[in-house]
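As structure tokens, the structure follows; a few thoughts come after it.
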Amino acid sequence: MNPASARPEGKTWLDGHPDPLADFPGLLDCVHCGLCLPVCPSYRLSGKETDSPRGRIALLRGAAENRLKPDDIVPALDRCLLCRACETVCPSRVPYHRLVEQQREGLPPAWILRSQRRWLSSAAGIRLAGIMLRSLRSLGILGLVERFAPRRLRAMAGTVPLAPHRFRPQEALFRPAHPPRRGRVGLHLGCVQAEFFGQVLEDTIAVLQQQGFDVEIPPQVPCCGSLAAHNGDAAEGRRMADRTLQAFDPQLDAVLIPAAGCLGHLQEFDRRRPCHDPAVFLFERGLRGRLRPLTQRLAYDPPCHLSFVAGKSDVVTALLHSLPGVELRHHDEADTCCGAGGVAFLRQPEQSQALLQQKIDRLLAVDPEVIVSGNPGCQMRLEAGLRQRNVSVPVVHPIQLLRKALSI
Amino acid sequence: MSRKKRWLRRLREIVGKEYLLTDPASLLAYESDALTLFRSQPAAVVLPASEAECIAVVRLLAAEKIPFTARGAGTGLSGGAVVEPGGVVLALSRMQKILTLDPQQGFAVVEPGVVNDDLNREAARWGLRYAPDPSSQTVCTLGGNLGENAGGPHCFKHGMTSQHVLFAKVVTATGKVETWGDAHSVPEDLDLRGFLVGSEGSVAVALQIGLRLIPKPQAIVTLFAAFDSIAGACAAVQSIVAQGLMPVALEVMDQRAIRAVEASVYRCGLPTDAGAILLVDVEGPENQIQEEAEAVEVALQKHRPMKTERAQSPEQRRALWKGRKGAGGAMGRLGPDSYVMDGVVPRSKLVQIMAYVEQVEQETDIPVANLFHAGDGNIHPHFSYDSRDRSQADKVEAAGAKILRKCLELGGSLSGEHGIGLEKEALLQEQFEPQELALMERLRRVFNPEDLLNRGRGLPLGSGCAEAFHRHGGRP
């Protein structure tokens, strides 16, 4: 049993902290300047102070000072997508996400959120959800769920990919580099990635081999714990991250992680381990071989955690620009969260849906032939949004374009 | 049904239940603007989405005689967007449409909740810009800029908000809708724009604002000089201005401010060993600005800077300005709370006032960082203090008042750009004669007869309205 679910109901993040302002120093670092407001997706959507990072910090401080009850601030804090855009503009470097995660830690959760903690934020849980949703679809009753189920289940059902491609080898996997060999890397599959977007992983392996890297996938790598951390179980999040990184040989040149959400979490857990997005890794090392022209109009919608945690979406933009024949079109508010936010789309389905609609509008306005993302959560939501409009524009990972350009 | 329940229900009918906020968390979030020294929780927050909703809300509040205060993004620094207890905050952040952008005639018409920088981004597509650039321009709204007559670093040459407002369609505190000014000509009747701009939301609520757009500069040179003391930087400003040179911006940052910026995400390579730096922008036609930049550099050399440097690329230029504009927020690293004060002296008195600020800092023993619009003589000492310690908060407030009195003594004024708000209300009587204040009050009462709209702001009404507001951490 994990520590969060062992906590008695009704306890809050403030328990055990007689002087919370001293224990959570980030609360006092905010000077209320408001520079975080324009980059916050939830504030942009509603215009409400309580939907901004500055407002949420004020609420956390209000609760810490006993001016609000811990329950008063739950709805406002729940609407945070933890995209982390605000942290990149905060002049005072408030460790905002940690404050939110701390607050979520003590929440007496609603059943769906409790179940998220127990199994949705674990590899087994996601696999189970995948199997369940797939069997619902094959029985032809997913449509019914979409129409009549409670809003959260409906959000989940509407988001799951139509044609999931599973890639989860049962045993350790080794794929040798094509000569000349340049190095040896590990590949972290990622639960959602492996369950629904296995093609990305297969493409990653093929490109890495061709570029001269041995690829190792250790057996039974657990979930990295990012969803657990976002949902208020930081201790479990750290434990899972530790177990995940332990599974990889420390002598590897790098651990490559195509899912930006997992990447950000693992990077923050241990800054010394070289963890990278595979496309970024290859581009920074230098691509080898001739690239054939793709002649496609692309729109790149960078995953928030690649931009704001790993800080590498610029590299992907440069990579896309360097692909011959490609026309990279810039859509408005590319840096604003699409509303997926890990499992935030289950937490706040209405907000998430509104953000998704805006995102799809802005993407379609530049008329792309292919949309580039780089995180399975975002990819799933973008595909769902396009499906709602009956538009068939493929959403791909940058490594997949690379595979195409390298004609592998 | 109680009277309050009734008007709340009617507000809800106007804006929808999502946008009438009465829960404890929302009320706390709207208890202050960016000056957290003054706090007061409203009875409700209402967020209209359109002009029609806004007018309906104002009319209802006027009929029910509920005090109310308009608010943009809450980045004001004088407590101008705080309503008295029991009042309603009219948050305009959802009214964010750019209604017209006329590149030929060089003007835009915007709703009050449009963010300053968003207008700039649109204008840039046509080679235009909106000149006033407060440090919070990525966030602050044009409605708020209008209310406070906002300035910014580049207002040294281009002028404050008041010089860029062509007209405003407003709803007065009694619910009357009027348009003051004209997009195409100078008004022939009474020109009320000057009265409206900077009235701190106490005359009317803007529904539409017509703003002048000017061409983007052909070329810009940004340079900075490092000095071993703040006095050196101020003396350099005085002689640049005395020579009649017209850079667009002349900004000073002292060592504490430089170090805070360099420790933040806005670090831009400023020398952390300097006592102060002076940041200068020169803009204009390519062939002229080189000459002017050189003249500025010659003037700087007379004050023996530790070094001078020109920005080598547009990226470096942008980084320097981002650093300057993020500096206020970076004060959070220096202490739990920050109090920025705002005062003006004649530019020839800059050295004197900064020496006085240092003296006050030593007396109060509360650290001060300085970053300010030196070209305008507009000082902004930032006090870093802890609001949980009542004596520190009192000291900070007293220190602010002392510095402002000194500004007046040196022939300056109480506010460069942040406004009077709650912060300086008591001091107004020291800047103005009683007849002058009475005239302002009479004028204001024409449009705000019941004093419902932003009561106690910008004018000292009765004795100490600010006393009604909780100070320092919201605990009375």
Side-chain angles (χ1 to χ4, degrees), chain A residues 19 21-22 25-40 43-52 54-79 86-94 308 311 332-333 350-351, chain B residues 18-19 21 23-26 28-36 45 47 49 71 73-75 77 89 91-96 113 115 117-118 135-136 138-140 260-261 263-266 323 325-338 340 382 384 386-388 473-475:
Chain A
D19 185 3
L21 290 180
L27 282 180
L28 294 179
D29 288 345
C30 173
V31 293
H32 232 70
C33 69
L35 291 188
C36 53
L37 270 60
V39 300
C40 175
Y43 174 77
R44 290 187 77 100
L45 189 67
S46 78
K48 293 179 192 171
E49 181 72 20
T50 39
D51 283 338
S52 75
R54 174 179 73 172
R56 294 190 187 104
I57 292 168
L59 300 189
L60 287 163
R61 187 170 170 175
E65 288 173 336
N66 263 325
R67 301 172 59 218
L68 288 171
K69 292 196 285 292
D71 283 354
D72 291 341
I73 71 173
V74 172
L77 270 289
D78 247 11
R79 288 166 68 86
C86 54
E87 293 181 13
T88 63
V89 296
C90 175
S92 287
R93 291 192 174 180
V94 177
F308 307 132
D332 283 343
E333 298 188 34
E350 293 81 10
Q351 171 181 269
Chain B
E18 277 261 313
Y19 294 102
L21 314 177
D23 62 291
S26 299
L28 183 135
Y30 283 91
E31 71 181 1
S32 81
D33 53 20
L35 175 71
T36 52
V45 180
L47 297 102
R71 171 184 158 121
T75 52
L77 287 161
V89 168
L92 300 170
S93 49
R94 295 175 68 214
M95 292 178 63
Q96 46 176 308
V115 171
D117 223 18
D118 287 350
S135 292
S136 58
T138 56
V139 200
C140 63
V261 169
S264 80
V265 291
Y266 296 103
K325 293 192 171 186
M331 297 298 137
R333 300 299 276 185
L334 304 179
D337 295 277
S338 174
V340 196
H382 287 60
S384 295
D386 188 338
S387 70
R388 292 167 299 169
R475 288 179 213 177

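In this text, all values refer to a predicted model and were calculated from it rather than measured experimentally.
- With a 4.5 Å cut-off on non-hydrogen atoms, A/Cys90 touches chain B through its backbone but not through its side chain.
- With a threshold of 4.5 angstrom between heavy atoms, B/Ala263 approaches chain A through N, CA, C or O but not through any side-chain atom.
- Looking at residues two or more places apart in sequence or on another chain, you find a side chain to side chain donor-acceptor pair (under 3.5 Å) between A/Arg54 and A/Glu49.
- Of the atoms belonging to A/Leu59, heavy atoms from both backbone and side chain fall under 4.5 Å from chain B.
- In this structure, chain A has heavy atoms under 4.5 Å from both the backbone and the side chain of B/Ala73.
- At a threshold of 4.5 Å between non-hydrogen side-chain atoms, the residues A/Thr88 and B/Val265 do not count as touching.
- Using a 4.5 Å cut-off between heavy atoms, A/Val89 contacts chain B through both its backbone and its side chain.
- Nearest heavy atom pair, residue A/Thr50 against residue B/Ser26, reads CG2-CA, 3.6 Å.
- In terms of heavy-atom proximity, A/Arg61 sits nearest to B/Pro336 at NH1-O, 4.4 Å.
- A pairwise comparison of heavy atoms in B/Met331 and A/Val31 identifies C-CG1, 4.1 Å as the closest pair.
- For B/Leu92, no part sits under 4.5 Å from any heavy atom of chain A, backbone or side chain.
- Shortest non-hydrogen contact noted between B/Ala34 and A/His32 is CB-O, 3.3 Å.
- Across all their heavy atoms, B/Thr75 and A/Cys33 have their closest contact at CG2-O, 3.6 Å.
- The greatest number of non-hydrogen atom pairs below 4.5 Å with chain A, out of B/Thr138, B/Leu28, B/Val115, B/Val340, is found for B/Leu28.
- In this structure, B/Arg94 does not pair ionically with A/Asp51, as no charged nitrogen and carboxylate oxygen lie closer than 4.0 Å.
- Both tests hold for A/Lys48 against B/Tyr19: distance to the six-membered ring centre under 6.0 Å, angle to the ring axis within 45°.
- The parts of B/Glu18 that come within reach of chain A are both its backbone and its side chain, each placing non-hydrogen atoms under 4.5 angstrom from that chain.
- The shortest heavy-atom contact between B/Ser264 and A/Pro91 is CB-O, 3.2 Å.
- Within the 4.5 angstrom heavy-atom criterion, no atom of B/Asp386 approaches chain A.
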